[in-house]
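Notes follow once the structure below has been shown.
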Amino acid sequence: MKKVLVIVGFMLLTVAGYLYFGKENAFTTPAKPPSASGLAFHTEHINEQIGDCPTKDVRCLVVSLNYPVAEHGIDSAREKINNYTKSLLLGSIHLGEEPMDPNYPLDSALMDFGEDYKDFLEEMPEFDMAWAVEANGQVSLETKNLISLQFSFYSYLGGAHPNTFVEMGTFSKETGDKLGISEILKDTSEVLVMAEQYFRDARKLGPDVNLESEGFWFKNGQFSFPLNYAMEPGGLRLYYNPYEVGPYVLGPTEVMIPLEKIQPYLKIEP
């Protein structure tokens, strides 16, 4: 049987505005409505039921995808941001180990996913539970120069437990590039020390507690930034997904470094 790779969750997001540092705080003021020529977003919805579906809870594959789509703005920037979103969605409904071609049509990928589920039902006629995949994505920050996107994924594909996963990133409005941590911060080493303090606070671990003894598996025993981070109205959000730095039983760890703490280290202008 094909090896399942899925990702999941739910989230609530806000938006922020267009002013520069030194005036009102550009990361905390509400976003202004975009002009017709500027980058803007609308939300697309896909809701499908595939399989026998006597009810949505029995022998039924339920797929619910809600995601932002960039429009207007610079063509190349818009395409990069939308390709990022599409790659995440394709990954959430793909059962193969190799990532899908980002140019593969989303509706075709959904049909393939449905066929995989029907094949599974034929192989497992006694299986009477539903599969479910949900994706929710929104703009979490919008300023003059930046966009932050956040996505949460949830899936249950018949295993011992459902899976959840969060993806996020901050993008340049001009280029559409996703910003790395060193493009967001002037000094990553000092912020990393700060991040570890907030991580320990989130986990209720004192400064002298060995993280490895608590079940975490940071590479070479050195605390590190997660794969997912983004600027938000409240500051810099770091998100460690299940399995990233610890086993599933430990769950995710979310860290928010407040804006007043992170602002002196920011390389980016809003």
Side-chain angles (χ1 to χ4, degrees), residues 4-11 13 15-16 31 34-48 63-114 116 133-155 163-184 225-232 237-239 241 244 268 270:
V4 177
L5 177 61
V6 274
I7 32 187
V8 219
F10 171 73
M11 27 199 240
L13 314 160
V15 202
S35 66
S37 60
L39 189 67
F41 288 84
H42 71 274
T43 302
E44 292 285 343
H45 308 278
I46 294 176
N47 295 285
E48 296 287 345
V63 178
S64 175
L65 308 178
N66 304 289
Y67 55 96
V69 176
E71 55 188 0
H72 309 306
I74 301 170
D75 289 347
S76 58
R78 181 182 67 249
E79 289 170 5
K80 286 180 184 178
I81 293 171
N82 284 338
N83 284 341
Y84 169 81
T85 296
K86 186 180 176 186
S87 293
L88 294 181
L89 297 174
L90 288 172
S92 72
I93 57 173
H94 177 52
L95 298 183
E97 295 183 4
E98 294 297 322
M100 295 189 72
D101 183 338
N103 295 316
Y104 195 66
L106 186 57
D107 55 352
S108 297
L110 265 174
M111 290 179 61
D112 295 344
F113 191 37
D116 288 337
V133 172
E134 298 174 9
N136 290 283
Q138 292 188 25
V139 176
S140 59
L141 177 81
E142 183 174 0
T143 68
K144 179 184 175 73
N145 299 313
L146 305 172
I147 285 287
S148 289
L149 301 179
Q150 295 189 8
F151 296 82
S152 60
F153 297 88
Y154 165 92
S155 70
N163 290 288
T164 61
F165 199 83
V166 168
E167 286 271 358
M168 66 179 69
T170 297
F171 300 80
S172 163
K173 273 187 170 181
E174 181 179 0
T175 66
D177 292 334
K178 185 181 179 184
L179 302 181
I181 196 71
S182 61
E183 295 170 296
I184 294 174
F225 289 110
L227 297 175
N228 285 280
Y229 44 82
M231 289 303 303
E232 288 195 353
R237 184 182 183 207
L238 311 176
Y239 197 94
N241 277 296
E244 186 174 348
I268 52 177

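These numbers come from the heavy atoms of this one structure, side chains and all, not from hydrogens, waters or symmetry mates. In this text, all values refer to a predicted model and were calculated from it rather than measured experimentally.
The structure places CG of Leu238 at 6.5 Å from CZ of Phe225, a figure rounded to the nearest 0.5 Å. The distance from the CG atom of Asp101 to the NE2 atom of His94 is 10.5 Å, given to the nearest 0.5 Å. To the nearest 0.5 Å, the span separating CD on Glu167 from CG on Asn228 amounts to 4.5 Å. Thr175 contributes atom OG1, which lies 5.5 Å from atom NZ of Lys80 (distance to the nearest 0.5 angstrom). How far CG of Leu179 is from OH of Tyr229: 8.5 Å, rounded to the nearest 0.5 Å.
Considering Glu134, Gln138, Glu44, His45 as possible partners of Asn66, the one that fulfils the side-chain hydrogen bond (donor to acceptor under 3.5 Å, both in side chains) test is His45.
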Inset, instruction - Under the side-chain contact (heavy atoms from CB on, under 4.5 Å) rule, what do Val63 and Leu110 come out as? Steps first, then yes or no, please. - result: CA-CA 9 Å; Val63 178; Leu110 265 174; 3.8 Å; yes

Inset, instruction - Just do the side-chain contact (heavy atoms from CB on, under 4.5 Å) check on Glu71 and His42 with the steps written out, would you? - result: CA-CA 8 Å; Glu71 55 188 0; His42 71 274; 3.3 Å; yes

Legend entry - Candidate pair Ile268 and Glu183, rule side-chain contact (heavy atoms from CB on, under 4.5 Å), full reasoning: CA-CA 7 Å; Ile268 52 177; Glu183 295 170 296; 5.7 Å; no

Legend entry - Worked check of side-chain contact (heavy atoms from CB on, under 4.5 Å) between Glu174 and Asn145: CA-CA 7 Å; Glu174 181 179 0; Asn145 299 313; over 6 Å; no

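In the model, Ser148 has a side-chain atom that pairs as donor or acceptor with a side-chain atom of Thr170 under 3.5 Å. There is no side-chain donor-acceptor pair under 3.5 Å between Asn136 and Ser152.
Scanning both residues, Tyr84 and Gly169, for their nearest heavy atoms gives OH-N, 4.1 Å. For the residue pair Pro105 and Leu90, the shortest heavy atom distance occurs at O-CD2, 4.5 Å. Between Met100 and Ala109, the shortest heavy-atom distance links the atoms CE-CB, 4.0 Å. In this structure, Ala77 and Lys173 approach most closely via the heavy-atom pair CB-O, 3.4 Å. Nearest heavy atoms, Met231 versus Ser140: O-OG, 4.4 Å.
Residues Thr85 and Phe151 have side chains in contact (heavy-atom distance under 4.5 Å, counting atoms from C-beta outward).
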